[in-house]
Amino acid sequence: MRREASIMHLDLDAAFASIEQRDKPSLRGRPVVVGGIAGRGVVATASYEARTYGVRSAMPMAEARRRLPAGAAYLVPRFEAYKRTSHVVMDLLREVSPLVEPVSIDEAFVDLAAGGHDCAVPAVTELARGIKARIAAATGGVTGSVGIGSSKLVAKIASDLDKPDGLTVVGPGRELDTLHPLPVTKLWGVGPATAERLRQAGIRTIGDLAARELVDLLAWFGQAHGTGLHRLARADDDRPVVPERDTKSVSAEETFSTDVADRTVLGRELDQLADRVATRLRAAGLSGRTVTVKARYFDFTTITRSATREQPTDEPRTITEAARRLLADIDVTNGLRLLGVGVSALSEFAQDGLFPVIGTAEPDPPPPSRPAPEQPPPPPPGTDWRTGQDIRHDDHGPGWVWGAGLGRVTVRFEGPLTPPGPVRTFKADDPALHRADPPNWI
DNA sequence: TCTGGGGTCCTAGGACCC
DNA sequence: TCTGGGGTCCTAGGACCC
């Protein structure tokens, strides 16, 4: 815990749903649910209109449909669109401080002290107001809620106190007053299982938890979780803001619409999952030694089987063969609800001798040439966005450069599909400047 | 109401080595 | 011949997060 409120947490409000409402004006003001549309799907994000009907994240989609009136929209996620908005926001935050830790596509911590800001409460409050306004402008109206405090814990809890479009600053010395009345479930790391054990011990609020001895928590929850809870309940949190983390595993899984017992079908699924994992490993320049197969039964019990190789691999064939051997040891007579493949024990480069040793590689050949688009070259970094140039776009109609920097171009589109025009960010040389998102209407 | 998909971290037991 | 303790790696499962 720091002496100043210098850690900020930003959480975009119902990000997936509000991006959909931004891009599709007909959805504005209506309940919008983004998530798995099929039988076994769940809600990823519900718009605030949908939340008034009690629809929440992680709720089965079937239940959401039951609760919502006619006229509600059910959409499959368009992750590429969300990532573009996420990049716009993260780039903005990096202008505030070099220490930005994206937690997910719609959430980040920012170390304001590392950005050289005055971290007195009035100053950070003003700073946050400005950041919120810039985010809303740059994203075409997607809002975020901000919390600022002396630790990650306090900042995160603060951002949740006033949603949507909120701003809460917890001044130094106010941490315990803020935390202690809240239910323990607000603490990072307290899920359903921990909450139930705490409830049995008569612990409902974070204040109740702070009143308990460490030995009790150690006995109930073990070393790591016990000490973690003990400290967090006292607002004792010195975790730094870490901009980048190494990837530890890459996996793909699929829940079937009905359980599958046919080993031929499962084998084909396994091949596809292994392919997806291998593709993503290669894109990230990673390979791994441990292959894991995950299976879930009708009753939701889940098992894993893993095998560790001598050498790391990113070869689809190698991963598939290892996965098939593991699947052979799994009982599928009553069918599987879910099948998954993962690779872990990662290292940075493939060791299979399929690639030149680092350092002796030929330079990459130039990318295949594309038909030259009718497009002026993107402005150099630093160009004033107000003077932006026109950029033609196949599907969204004309757009103009809204901002540029760090090899990225932000474009605001105006067209029949999206008046008054969303803002999107592209890499300066991104051919997606001429590609539309696939439609996701259901 | 019947539970997605992508991750992270922790625990516990067994094998193996010194 | 019997027995120790520590360290590391691997496997499996579980809780949790967004």
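Just so you know, these numbers use all the heavy atoms, side chains as well, and skip hydrogens, waters and symmetry mates. Sequence lines set the chain letters: A, B, ... in the order given, protein chains first and strands last, and positions in each chain run from 1.
Across the protein-nucleic acid pair, Arg245(A) atom CZ and dT8(B) atom C1' stand 9 Å apart, rounded to whole Å. Atom pair Arg56(A):CZ and dT1(B):P shows a separation of 17 Å (rounding to whole Å applied). Atom-to-atom, CG of Leu346(A) to C1' of dC9(B) comes out at 15 Å; the value is rounded to the nearest Å. Regarding Lys294(A), its NZ atom lies at a distance of 12 Å from the C1' atom of dT8(B), rounded to whole Å. Between the CZ atom of Arg239(A) and the P atom of dT8(B) there is a distance of 17 Å, rounded to whole Å. In this structure, Glu107(A) atom CD and dC18(C) atom C1' are separated by 7 Å, rounded to whole Å. As a whole-Å value, the separation of Arg325(A) CZ from dT11(C) P is 13 Å. Atom P of nucleotide dG4(B) and atom CE of Met59(A) are separated by 14 Å, given to the nearest angstrom.
A close approach under 4.0 Å does not occur between any side-chain nitrogen or oxygen of Thr302(A) and OP1 or OP2 of dG14(C). Between dG6(B) and Ser251(A), no contact under 4.0 Å exists linking OP1 or OP2 to a side-chain N or O. For dG4(B), one of the phosphate oxygens OP1 or OP2 lies less than 4.0 angstrom from a side-chain nitrogen or oxygen of Arg337(A). Regarding contacts with the backbone of dG5(B), a side-chain N or O of Thr255(A) is found under 4.0 angstrom from either OP1 or OP2. Checking the phosphate oxygens (OP1, OP2) of dA12(C), no side-chain nitrogen or oxygen of Thr292(A) falls inside 4.0 Å. The shortest distance between the side-chain N/O atoms of Arg67(A) and the OP1/OP2 oxygens of dT1(B) is not below 4.0 Å.
Using a 4.0 Å heavy-atom criterion, one finds that Ala44(A) contacts no nucleic acid atom at all. Within 4.0 Å of Val190(A), counting heavy atoms only, lie sugar-phosphate atoms of the nucleic acid but no base atom. Ala193(A) comes within 4.0 angstrom of the backbone, heavy atoms only, and of no base. At the heavy-atom level, Glu253(A) lies under 4.0 Å from base atoms of the strands shown. Note on Arg289(A): only backbone sugar-phosphate atoms sit closer than 4.0 angstrom, heavy atoms only; bases stay farther off. Nucleic acid contact class of Leu187(A) (heavy atoms, under 4.0 Å, all strands): sugar-phosphate only. Among the heavy atoms of the strands, none lies under 4.0 Å from Ala64(A). Within the 4.0 angstrom heavy-atom criterion, no nucleotide atom of any strand lies near Gly36(A). Ile105(A) comes within 4.0 angstrom of no nucleic acid atom, judged by non-hydrogen atoms across all strands. Using a 4.0 Å heavy-atom criterion, one finds that Thr247(A) contacts the sugar-phosphate atoms exclusively. Backbone-only contact: Arg296(A) has heavy atoms under 4.0 Å from sugar-phosphate atoms and none from a base.
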Stepwise side chain to side chain donor-acceptor pair (under 3.5 Å) test for Ser150(A) and Glu175(A): CA-CA 8 Å; Ser150(A) 53; Glu175(A) 292 88 354; 2.5 Å; yes
Candidate pair Val110(A) and Ile7(A), rule side chain to side chain contact (heavy atoms under 4.5 Å, CB included), full reasoning: CA-CA 6 Å; Val110(A) 183; Ile7(A) 295 183; over 6 Å; no
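For the pair Val43(A) and His225(A), nearest-nucleotide mapping onto DNA chain B gives the more 5' position to Val43(A). Between Glu63(A) and Gly41(A), it is Glu63(A) whose nearest contact on DNA chain B lies nearer the 5' terminus.
Of all nucleotides listed (dT11(B), dC18(C), dT1(B)), dT1(B) comes nearest to the side chain of Arg66(A). When the nucleotides dC9(B), dT11(C), dT3(B) are ranked by their closest atom to the side chain of Pro60(A), dT3(B) comes out on top. Considering only side-chain atoms of Pro192(A), the nucleotide from dC18(C), dC16(C), dT11(C) that sits closest is dC16(C). Among the nucleotides dA12(C), dA15(C), dG4(B), the one closest to any side-chain atom of Thr304(A) is dA12(C). Ranking dC10(C), dG4(B), dC10(B) by closeness to the Thr308(A) side chain, first place goes to dC10(C). Of the candidates dT3(B), dA15(C), dG6(B), the closest approach to any side-chain atom of Arg276(A) belongs to dG6(B). For Lys248(A), the listed nucleotide lying nearest its side chain is dT8(B); candidates were dT11(C), dC18(C), dT8(B). Which of dG13(C), dG6(B), dC10(C) sits closest to the side chain of Arg280(A) comes down to dG6(B). The side chain of Arg305(A) sits closest to dA12(C) out of dC10(B), dC16(C), dA12(C).
Cation-pi contact between Arg296(A) and Phe300(A): present, with separation from the ring centre below 6.0 Å and deviation from the ring axis of at most 45°. A cation-pi arrangement is not found for Arg337(A) relative to Phe256(A), the charged atom failing to lie both closer than 6.0 Å to the ring centre and inside a 45° cone about the ring normal.
Nucleotides dC17(C) and dT1(B), compared at atom P, are 26 Å apart to the nearest Å. Rounded to the nearest Å, the gap between the P atom of dC2(B) and that of dC18(C) is 26 Å.
Salt-bridge annotation for Glu80(A) and Arg84(A): absent, with no side-chain N of the basic residue lying under 4.0 Å from a carboxylate O of the acidic one. By the 4.0 Å N-to-carboxylate-O rule, Asp13(A) lies close enough to Lys163(A) to be salt-bridged with it. A salt bridge links Asp314(A) with Arg282(A): at least one charged nitrogen is closer than 4.0 Å to a carboxylate oxygen. Between Lys152(A) and Asp238(A), no side-chain nitrogen of the basic residue sits less than 4.0 Å from a carboxylate oxygen of the acidic one, so the salt-bridge criterion is not met.
An aromatic stacking contact between Trp188(A) and the base of dC17(C) is absent, as defined here by ring centres under 5.5 Å apart and ring planes under 30° from parallel.
Nucleotide dC18(C): paired with dG5(B) (Watson-Crick or G-U wobble, both distances less than 3.5 Å). Remark: dA12(C) base-pairs with dT11(B); criterion is Watson-Crick or G-U wobble with both hydrogen-bond distances under 3.5 Å.
Evaluation of the ring-ring contact (aromatic ring centres under 6.0 Å, His included) rule for Tyr297(A) yields no partner, not counting sequence neighbours.
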